[in-house]
Undergrad: 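Below is one structure. I have some questions about it.
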Amino acid sequence: MKEQIRNPKLWVPSLYLAQGLPFFAVAIVANQMLKSMGVPNDELNHWTALIGFAWVFKPLWSPFLELASSKKLVVLFFQILGGLCLGGVALALQTPFWFAASMAMLGLVAISSATHDIACDGLYITSLDEKGQAKYAGWTGTFFNAAKFFTTGALLLLAGHLEKTMGVVPAWSISFCILGALMIALGVYNTWSLPLAKNTVSTDTNASAIARTLWEVIIEFFKKPGIWVSIIFIILFRAGEAQVQSIGPLFLREARELGGLGLTTSEVGAVYGTVGTVAFVVGSIAGGYFTSWLSLKRAILWLILAVNLPNVVFYLLSYFQPTDLTIIGAGLSVEMFGYGFGFVGLILYMMQVVAPGKYQTAHYAFATGIMQLGFVLFKLFSGDIQIALGYQHFFIWVMLSAIPVAILSQLIPMTARPQPAEETPKAAAPAEQVV
């Protein structure tokens, strides 16, 4: 009997909200928490970058999730586990060894979230036909970014208020308890709403057969014509953006005598998590239409410039150190719009140039892993560079970091190179959500 799937409006929002919450908790909220706890920029970026490697390596274990009876089971398990681990961060903050304990819990959150991403996207693709996938594609991005709006906006506003009234440790303990409770609540709701999305069971569905297929997928990926140049391009694309996304929010919090703007946690939530998120979403939509109109080949340089030139906003903020939140918010909106507008170029490059071939879906997943590698590599050392240069010179360095990828974009093909004749292209996966 064919499974009766509930209206996607009842489960797509909750599915992708649950995808975004733990991601942004690790990628953004953790940095703000550690900043409030007095951890230096270099140290906190070292640790959160290392934790981010979970999203780099997730393609390596993604095929083994087919051993579960259904994608729904995997999704629910990791939503509940992710919620418990987020609550574990709150408990870790109460211990004498709070830093090591909280990093361990955030590491578990990252692994759980990265694994959930695989099953989440798989459930979406499996449960909807091509028309349905296209119809609700905008919903996936909307609710993923709703998680960003909540974590970097409302949650930071609350944490900032609680810091003033209760102290730093209780403020962040409550904040992570809220995140954990919300994830568990979404998991409970999704036990009712999600389609089952059964995995195909066959004689080849065993760990040994999956491992052989994975090895073949890896070999075929690195046999693609020009793949090493593509890998370098993907990594360099994130050189400036990764550094400014790591240090920018910390610069806003830094004391004015140390070169920052001296904003409170609540003020960062107000300017970065609200108007900044809206500008990012609008920029992403506009970038998609722009590239569709101009083609990736002709648009790529403009997209790279859109990601990187607005970073001059951070240099100007560090130079003039304004106190007016309206001015600061307007500047950050310009930067976030450019970030969203230009990042479309990297997504389309991976989909249209890197992924095509026999294992298109799997190779797109590998490309997104390399994309995340570019982010964590540059984030890993961003704090050291900022401390060595100071904020003003650091933001100049960030803009200079875009020069190599801008030059490379004009020297490499922007269309897929011919594949061997025996390879039959498969359907591409939807674009992965990006911070």
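Note that these values count all heavy atoms, side chains included, but never hydrogens, waters or copies made by symmetry.
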Undergrad: Decide if atom NE2 of H46 counts as having more than 12 heavy atoms of other residues, nucleotides or ligands within a radius under 6.0 Å.
TA: yes

Undergrad: If I take atom CG from residue L17 and atom CG from residue L21, how far apart are they, to the nearest 0.5 angstrom?
TA: 4.5 Å

Undergrad: Less than 4.5 Å apart, any side-chain heavy atom of F23 and any of I28?
TA: no

Undergrad: May I ask you to decide if L123's main-chain N or O and T126's side chain share a donor-acceptor pair within less than 3.5 Å?
TA: no

Undergrad: Any chance the side chains of Q79 and N190 put a donor and an acceptor closer than 3.5 Å?
TA: yes

Undergrad: Check the pair Q386, F251 against side-chain contact (heavy atoms from CB on, under 4.5 Å), reporting the backbone distance first and the verdict last.
TA: CA-CA 10 Å; Q386 181 274 312; F251 158 73; over 6 Å; no

Undergrad: Within the structure provided, determine whether I370 and V354 are in side-chain contact (heavy-atom separation under 4.5 Å).
TA: no

Undergrad: side-chain contact (heavy atoms from CB on, under 4.5 Å) between N31 and N41: does it pass, once the steps are laid out?
TA: CA-CA 9 Å; N31 271 17; N41 288 357; over 6 Å; no

Undergrad: Between W55 and D117, is there a side-chain donor-acceptor contact under 3.5 Å, judged purely by atom types and distance?
TA: yes

Undergrad: Quick check against the 3.5 Å criterion: does Q321 have a side-chain atom that pairs as donor or acceptor with the backbone of R256?
TA: yes

Undergrad: Between the side chain of S112 and the main-chain N/O of F78, is any donor-acceptor distance below 3.5 Å?
TA: yes

Undergrad: Contact between P195 and K72 at the side-chain level, heavy atoms closer than 4.5 Å - yes or no?
TA: no

Undergrad: How many angstroms lie between atom OG1 of T277 and atom CZ of F24, to the nearest 0.5 angstrom?
TA: 7.5 Å

Undergrad: Tell me, do M37 and F99 make a side-chain contact under 4.5 Å, heavy atoms counted?
TA: no

Undergrad: Evaluate L309 against M399 for side-chain contact (heavy atoms from CB on, under 4.5 Å), listing each step before the verdict.
TA: CA-CA 7 Å; L309 283 183; M399 289 184 285; 5.7 Å; no

Undergrad: Check the side chains of T115 and K58 for a donor-acceptor pair under 3.5 angstrom, ignoring hydrogens and angles.
TA: no

Undergrad: Closer than 3.5 angstrom, by distance alone: can the side chain of Q372 be matched with the main-chain N or O of T368 as a donor-acceptor pair?
TA: no

Undergrad: Do F222 and I231 touch side chain to side chain, with heavy atoms closer than 4.5 Å?
TA: yes

Undergrad: Restricting to non-hydrogen atoms, name the atom on G240 and the atom on V398 that form the minimum distance, rounded to 0.1 Å.
TA: O-CG1, 3.5 Å

Undergrad: Report, as yes or no, whether the 6.0 Å neighbourhood of atom CH2 on W47 holds more than 12 heavy atoms from other residues, nucleotides or ligands.
TA: no

Undergrad: Identify the two heavy atoms, one from V334 and one from P310, that lie closest to each other, and give their separation to 0.1 Å.
TA: O-CB, 3.9 Å

Undergrad: Does the separation of the ring centres of F395 and F314 fall below 6.0 angstrom?
TA: yes

Undergrad: Quick check: does any side chain N or O of K224 sit under 3.5 Å from a backbone N or O of P356, one acting as donor and the other as acceptor?
TA: yes

Undergrad: Judged by atom type as modelled, is there a donor-acceptor pair below 3.5 Å linking the side chain of K148 to the main-chain atoms of G20?
TA: no

Undergrad: When you measure from the side chain of H363 to the backbone N and O of V217, does any donor-acceptor pair fall under 3.5 Å?
TA: yes

Undergrad: Decide side-chain contact (heavy atoms from CB on, under 4.5 Å) for I285 and F341; before the verdict, give the C-alpha distance in whole Å, the side-chain angles of both, and the deciding distance to 0.1 Å.
TA: CA-CA 7 Å; I285 296 171; F341 187 94; over 6 Å; no

Undergrad: Can you say whether the rings of W139 and Y136 are parallel (under 30°), tilted (30 to 60°) or perpendicular (over 60°)?
TA: perpendicular

Undergrad: Are S36 and E163 linked by a side-chain donor-acceptor pair shorter than 3.5 Å?
TA: yes

Undergrad: Identify the two heavy atoms, one from K379 and one from N45, that lie closest to each other, and give their separation to 0.1 Å.
TA: CE-OD1, 3.2 Å

Undergrad: What distance do K297 atom NZ and Q410 atom CD have between them, rounded to the nearest 0.5 Å?
TA: 8.0 Å

Undergrad: Taking all non-hydrogen atoms of both residues into account, name the closest pair between V344 and G340 and its distance.
TA: CG2-O, 3.7 Å

Undergrad: Does any part of the side chain of L60, heavy atoms only, come nearer than 4.5 Å to the side chain of I218, both counted from C-beta?
TA: yes

Undergrad: Roughly how far, to the nearest 0.5 Å, is CD1 of I385 from CG of L380?
TA: 10.0 Å

Undergrad: How close do Q392 and S318 get, counting heavy atoms only, and between which atoms?
TA: CG-OG, 3.3 Å

Undergrad: For T265 and Q32, test the side chains for any donor-to-acceptor distance below 3.5 angstrom and give the result as yes or no.
TA: no

Undergrad: Judged by atom type as modelled, is there a donor-acceptor pair below 3.5 Å linking the side chain of T165 to the main-chain atoms of H161?
TA: yes

Undergrad: Is there side-chain contact between E254 and K35, with at least one heavy-atom pair below 4.5 Å?
TA: yes

Undergrad: Do Y16 and N145 have a side chain donor and acceptor closer than 3.5 Å?
TA: no

Undergrad: May I ask you to check whether over 12 heavy atoms, not counting those of Y319, lie within 6.0 Å of atom OH?
TA: no

Undergrad: Judged by modelled atom types alone, do W397 and Q243 share a side-chain donor-acceptor pair under 3.5 Å?
TA: yes

Undergrad: Please check this pair: side chain of R6 against backbone of W192, looking for a donor-acceptor N/O pair closer than 3.5 Å.
TA: yes

Undergrad: Does atom CH2 of W98 have more than 12 heavy-atom neighbours from other groups under 6.0 Å away?
TA: yes

Undergrad: With distance as the sole test, does S127 use its side chain to make a donor-acceptor pair with the main-chain N or O of Y124 at under 3.5 Å?
TA: no

Undergrad: Measure the shortest side-chain to side-chain distance between L263 and L325 over non-hydrogen atoms and say whether it is less than 4.5 angstrom.
TA: yes

Undergrad: Does Q94 form a side chain to side chain donor-acceptor pair (under 3.5 Å) with S173? I'd like the steps, not just the answer.
TA: CA-CA 8 Å; Q94 309 301 316; S173 295; 2.4 Å; yes

Undergrad: Shortest non-hydrogen contact from A119 to L65?
TA: N-CD1, 4.3 Å

Undergrad: Would you give the length of the straight line joining atom CD1 of I227 to atom CZ of F366, rounded to the nearest 0.5 angstrom?
TA: 10.5 Å

Undergrad: In plain terms, say whether E267 and R253 are close enough for a salt bridge, that is, a side-chain N and a carboxylate O under 4.0 Å apart.
TA: no

Undergrad: Can you measure from OG1 (T151) to CG (L182) and round to the nearest 0.5 angstrom?
TA: 10.5 Å

Undergrad: Under 3.5 Å, is there a donor-acceptor pair linking the side chains of S409 and Y349?
TA: no

